[in-house]
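The structure appears below as structure tokens.
All heavy atoms count here, side chains included; hydrogens, waters and symmetry mates do not. One is the number of the first residue; the rest follow in order along the sequence.
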Amino acid sequence: MFYPLQLFIGLRYTRAKRRNHFISFISLVSMLGIAVGVAALIAVMSVMNGFQGDMQERILGMVAHASIESVDGGVPDWRDTVNKVDASPHVVGAAPYLDAQALLRGRRTSAAVVHGLVPEEEPKVSNVGDKLLRGSLADLKPGSFNVILGNELAMQLGVRVGDKVTVMVPEFSVTPVGAVPRSKNCEVVGVFAVGFAEYDTGVALMNLDDAVTLLRADGPGGIRLKLDDMFDAYKIAVGLRDRLGQYFKITTWEQSHQNFFSAVKMEKTVMFIILSLIVGVAAFNLVSTLIMLVTDKQADIAILRTLGISPSKVMGIFTVQGVIVGSFGILLGLVGGVLLAWNIPAVAKWLEHTFHFEILPADIYYINEVPSDLHWGDVGWVAAIAWVFCLLATLYPAWRAARTQPAAALRYE
């Protein structure tokens with residue numbers, strides 16, 4: 001024999017037809033329980049990865065990877081600054097911007113952020129131009145004081161394309177009747193829908209020159225950056241700030257939405273722990289299976305002990321058998337989970353068509369299908385944790401088998 005004795009006997013016990021069919025049934029149930037738990041964990045983690053990636057894409061459609069914001073009131077010569085930034089090998093695109101809080105009044109009133117941009121430069125750092133339901137960024141011409149609103153903001157204001165809205169900013173003009181907020185009547189020339197409520201309900205786009213005029217600013221408030229590695233955004237932005245030789249404030253996409261991404265990460269971690277416990281419960285069904293098997297094999301264990309096999313080897317025999325049963329369940333669950341993760345959108349559509357309901361209504365969630373993004377690292381972690389659970393589940397039954405006394409077991413044989 002080219003493998004250890006305990007492995008040989010454990011494999012024989014696994015392949016053998018048992019006299020007690022109930023034990024075989026419990027083994028099958030344990031295997032299927034592990035498989036279902038592993039498959040469910042892989043599928044749920046893939047769906048959560050899909051949601052995280054989808055929301056990240058939507059957020060980054062409006063938020064640049066990093067922003068270099070002036071603390072001196074503006075960037076007067078922004079074209080020269082953009083050219084210097086564009087020269088960096090890590091920068092994919094750069095564009096100026098100016099943000100300000102404002103109060104918009106149409107048929108109703110709502111607060112929003114006025115985002116001043118240059119229509120020709122903005123596509124370098126965001127995809128808001130691709131999210132327009134009506135209108136075009138080219139309609140934001142200098143001096144026109146046109147605005148493009150988020151679709152939810154437009155509904156809150158009760159306006160449509162072609163209507164007028166009054167934009168009031170927290171700057172005051174002195175008039176004969178006293179100080180009044182500076183305001184400007186603007187025409188709505190477009191509507192966008194990013195699919196993220198923070199922007200669809202609270203952002204109005206305006207030409208940068210118009211925003212500078214309305215706010216009486218010295219120039220753009222800063223430069224937005226799109227980088228080749230968004231996860232290294234802070235380090236790259238700090239390097240650019242030092243190279244520019246001017247004091248700028250650095251803001252990255254992670255900092256601007258830290259609470260959201262932290263919440264998503266926490267939710268993913270909690271779901272992983274909860275579903276891992278489900279896998280653990282299924283794995284520990286092996287305990288009852290192996291205890292019944294140890295009881296059924298008392299005579300065999302006693303004979304092996306009489307022939308000189310040590311208690312540690314007896315323990316190894318039943319550990320091997322439990323791990324084999326668990327490994328088959330894990331393998332079945334991995335295959336099923338990966339196939340399910342790859343086909344979750346199709347399965348969701350089939351369920352919607354068959355049972356006539358919507359899993360994710362588009363008017364509520366802004367997405368019309370369940371996203372899925374399978375990460376092989378998650379698959380590896382699931383397999384490892386399930387295998388550890390199976391190994392732990394075999395220890396007590398195997399220890400009981402090792403404590404079997406030959407004389408007591410063979411007394412009535």
Side-chain angles (χ1 to χ4, degrees), residues 1-43 275-341 376 378-404 406 409:
M1 292 182 293
F2 296 96
Y3 39 83
L5 180 62
Q6 53 267 42
L7 178 60
F8 173 76
I9 299 176
L11 290 173
R12 286 289 300 270
Y13 277 175
T14 304
R15 296 194 304 265
K17 294 181 179 179
R18 300 192 179 103
R19 297 187 302 270
N20 192 336
H21 294 287
F22 184 68
I23 298 178
S24 300
F25 174 74
I26 295 298
S27 298
L28 179 61
V29 170
S30 300
M31 185 185 301
L32 293 179
I34 294 170
V36 170
V38 169
L41 182 52
I42 292 175
L275 292 176
S276 295
L277 293 178
I278 295 176
V279 176
V281 170
F284 277 95
N285 284 334
L286 290 174
V287 175
S288 58
T289 302
L290 292 177
I291 286 178
M292 288 188 292
L293 181 62
V294 168
T295 303
D296 189 56
K297 297 292 185 181
Q298 286 288 316
D300 294 357
I301 296 170
I303 293 172
L304 290 172
R305 289 293 309 278
T306 304
L307 293 174
I309 290 184
S310 64
S312 61
K313 290 186 177 180
V314 173
M315 188 174 179
I317 290 171
F318 290 94
T319 301
V320 165
Q321 189 169 5
V323 169
I324 289 174
V325 173
S327 297
F328 273 109
I330 293 171
L331 181 61
L332 184 61
L334 290 177
V335 174
V338 169
L339 292 177
L340 179 60
W376 290 107
D378 292 339
V379 175
W381 273 108
V382 171
I385 290 176
W387 193 87
V388 169
F389 279 142
C390 291
L391 179 62
L392 292 176
T394 64
L395 295 181
Y396 176 70
W399 176 74
R400 284 196 56 180
R403 293 187 63 196
T404 299

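- A search for side chain to side chain contact (heavy atoms under 4.5 Å, CB included) contacts involving L339 returns V335, W342, not counting sequence neighbours.
- Residues satisfying the side chain to side chain contact (heavy atoms under 4.5 Å, CB included) criterion with L32, sequence neighbours excluded, are L28, L332.
- Taking 4.5 Å as the limit, some side-chain heavy atom of V323 sits within range of a side-chain heavy atom of L391.
- Looking at heavy atoms from C-beta onward, I34 lies out of side-chain contact with F328 at the 4.5 angstrom threshold.
- Residues I330 and L334 meet the side-chain proximity criterion, which asks for heavy atoms closer than 4.5 Å.
- The CH2 atom of W399 sits 14.0 Å away from atom OG1 of T394, with the distance rounded to the nearest 0.5 Å.
- Partners of T319 under the side-chain hydrogen bond (donor to acceptor under 3.5 Å, both in side chains) rule, at least two apart in sequence or in another chain, do not exist in this structure.
- L340 pairs by the side chain to side chain contact (heavy atoms under 4.5 Å, CB included) definition with A43, I344, V347, not counting sequence neighbours.
- Of all the heavy atoms in F389 and G280, the pair that sits closest is CD1-CA, 3.6 Å.
- The CD1 atom of I42 sits 11.0 Å away from the CG atom of L275 when rounded to the nearest 0.5 Å.
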*Begin with the C-alpha distance, continue with both residues' side-chain angles, and end with the deciding distance and a verdict on side chain to side chain contact (heavy atoms under 4.5 Å, CB included) for L395 and L392.*
CA-CA 5 Å; L395 295 181; L392 292 176; 4.0 Å; yes
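- Among all heavy-atom pairs drawn from A39 and G336, the shortest one is CB-C, 4.2 Å.
- Remark: V287 engages F284, I291, A393, P397 in a side chain to side chain contact (heavy atoms under 4.5 Å, CB included) (not counting sequence neighbours).
- No side-chain heavy atom of I278 sits less than 4.5 Å from a side-chain heavy atom of V281.
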